[in-house]
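The structure under discussion appears below in the form of structure tokens.
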Amino acid sequence: MSTTPETAGHGDISVGVKGSGNSGEATASATRITPGNALRPEDIALAVSRGTAKPSGDVAEFALRLGDDALILAQRLGHWISRAPELEEDIALGNIALDQLGHARSFLSYAGGLDGRSEDDLAYFRREPEFRSVEIFEIPNGDFAVTIARQFVVSYYQFELYRRLTQSTDATLAGIAAKAVKEVDYHRDHSAQWVLRLAQGTDESREKMIHGFKVVWPYVDELFRDDELTARLSDSGAAVEPSSLRADFDRLTGEVLAAAELDVPKVQPAPGGGRKGLHSEHLGYLLAEMQVLAREYPGASW
Amino acid sequence: MASQTLQSVPGEPTAARHEQSLEDVARRDAEGQAYFDKVMADDSRIEPRDWMPPAYRKTLLRQISQHAHSEIIGMQPEANWISRAPSLKRKAILMAKVQDEAGHGLYLYSAAETLGQPRDAMNQDLMDGKAKYSSIFNYPARTWADMGAIGWMVDGAAIANQVPLCRASFGPYGRAMVRVCKEESFHQRQGFEILLELSHGTPEQKQMAQDAVNRWYAPALMMFGPPDDDSPNSKQSMAWNIKRFSNDELRNRFVGMMMEQVKVLELTLPDKDIRFNEETKKWEHGPLDWDEFHEVLAGRGPCNAQRLERRREAHNNGTWVREAAAAYAEKQSRKQAEKESAA
């Protein structure tokens, strides 16, 4: 892609999205329904069925990757609802889960446009090796600090990715990204604020935050790994090489970690393999639970 | 339960009693009572800083905090199906609904706090088993169809109860109810839609829907509280313009609504005795098992122990997080103060 929007920063982390000048839209609501403006999964499914939007094979595979990442994360975060440390977090984590689920539905609806499968066909009737999520989205919630560490990493990654995809030569990818990037900006803010609080709250919380980062950091590298698909998509301008996001990711997460007086954990990276269908041991259990009812009644409508 | 905190509430006449003569206090109480009586007579509103009779405060605090607890405990049976929702659209709707319930809980706790009790204390009462919440949430959500039945019947009953509460004499409660009712009506519609989809689905799906309606019917009807002749607090609440209709009136009205809607669903209600009484112009229903109601209320329902344990577990697992947030906020404000004094 030729141009990348310039709003690379995350604003002033001490005041968050609302107080920042140039990052996100201070007045935008992440959840407000804006008819005729926001791109909904149903709009994409309709466009796909009418043939006004159709992904290339490569774009469909790429959309599947991003859709699966978001879907698995939504499934993980949804578990916190009614179990969070305080009511405000039940709502916040629920909101983030809903945003991720919305992104997943959009990406999957588009990916399914290649061969006529629906978002539900893809979510409920694929087997484990057919999923394309990477490992960091699959790791269990752990305690609140692990969830926050994972959320911090993935929302800074997703922000950099979606920000660039708004310029995609594929109009549907660009449209999904344009909606998603605003929401993910709030996710960055939420997780960064918690990283600061936990790292500088009590001795116990600092210890848990350090542990949380240690748990998730082996899976960071996989997010930024290029392959043949991303090379082709990068050449065509439909997407970018994941490695090209790394510098901005490191810089921005580094600023928060520095403010929190935390070091990047010294851990060895895991090889991953989810983009090729080689998943963590965790994914099977997650899918078993997610898919059980739909598979009990194949062909049923809900 | 709140006698400690009630004494320091703004507007509460006992707060400054030690500084005033008994005569002053008596005069202020009399003036306050006169104003309160006039507000009741005018069917107008009492606000948090107004004088109010201690029993009125206590009744409201109990009712609003129980209502808040019900929203919070009520998240659990539905959260139980978020991970297994059979389509992504249903998953999104269910997540949003359970999240709404957390929002209602927060809203109601805030309304209750204006009466002088902090949220922490209310939550502690809930976890200690001292405070009640709606017994309906002590029943298990066994199948996906329960998401439909809970939305249609439980939220439906809640709406029938809560719409009149929008006119409750205590301002913060009435205003909270306006917003809560708007969202509840969405919840009821999504429940109805789940059942409609199931009843027009495969025979197994239709059976799942019918089973859920059968299981939730009687507990939903009992949500309106004991029969009028066994409801000792109702009369006073009606005199205070908190409650507008009796338990039985609301229950009968609700049965009438269900009877119309169940036809559209092509399902049945498990009650042969439902009929419209032409003389009284009221709906009637068959006998309800009030012994079961009292058993569940006393803590011997299917999920009482599970629901409270889950709440305690979430609270205890979150203790270190809340402590961290408080410590961080304190450090930040200290830094800010140092910065300002240096400037």
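This one's a predicted model, so the numbers in the text were calculated from it and none came from an experiment.
- If you measure heavy-atom distances from A/L108 to chain B, the contacts under 4.5 Å come from the side chain alone.
- Ranked by heavy-atom pairs shorter than 4.5 Å toward chain A, the options B/A325, B/P86, B/A327 are led by B/P86.
- Minimum heavy-atom separation, B/A92 to A/L98: O-CD2, 3.3 Å.
- Proximity to chain B is limited to the backbone of A/A84, based on heavy atoms less than 4.5 angstrom apart.
- Contacts of B/I194 with chain A are absent, with no heavy-atom separation under 4.5 Å from either backbone or side chain.
- Contacts of A/L71 with chain B are made by side-chain atoms alone, with heavy-atom separations under 4.5 Å and no backbone atom involved.
- Contact count versus chain A (heavy atoms, under 4.5 Å) is highest, among B/V98, B/I72, B/L196, B/I73, for B/I72.
- The residue among B/G201, B/A329, B/A96 with the most heavy atom pairs within less than 4.5 Å of chain A is B/A96.
- For B/M147, no part lies near chain A; criterion is any non-hydrogen pair under 4.5 Å.
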How about the chain A/chain B donor-acceptor pairs under 3.5 Å, what are they, with distances?
from   : atom 1 : to     : atom 2 : distance (Å)
A/Q75  : OE1    : B/K91  : NZ     : 2.7
A/Q75  : NE2    : B/S83  : O      : 2.9
A/S82  : OG     : B/R310 : NH2    : 2.5
A/P85  : O      : B/R322 : NH1    : 2.7
A/E88  : OE1    : B/R119 : NH1    : 3.4
A/E88  : OE1    : B/R119 : NH2    : 3.4
A/E88  : OE2    : B/R119 : NH2    : 2.5
A/I91  : O      : B/Q99  : NE2    : 2.9
A/N95  : OD1    : B/Q99  : NE2    : 3.4
A/D120 : OD1    : B/L88  : N      : 2.9
A/Y124 : OH     : B/A85  : O      : 2.6
A/Y124 : OH     : B/S87  : N      : 3.3
A/Y124 : OH     : B/S87  : O      : 3.3
A/Q200 : O      : B/K331 : NZ     : 2.9
A/G201 : O      : B/K331 : NZ     : 2.8
A/E289 : OE2    : B/S83  : OG     : 2.4
A/S301 : O      : B/Q205 : NE2    : 3.0
A/S301 : OG     : B/E197 : OE2    : 2.6
A/W302 : O      : B/R90  : NE     : 2.5
A/W302 : O      : B/R90  : NH2    : 3.0

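- For A/I91, the parts lying near chain B are the backbone and the side chain together; criterion is any non-hydrogen pair under 4.5 Å.
- For B/A102, the parts sitting under 4.5 Å from any heavy atom of chain A are the backbone and the side chain alike.
- Contacts between B/L94 and chain A at a heavy-atom distance below 4.5 Å are absent for every atom of the residue.
- Heavy atoms of A/A123 lying under 4.5 Å from chain B belong exclusively to its side chain.
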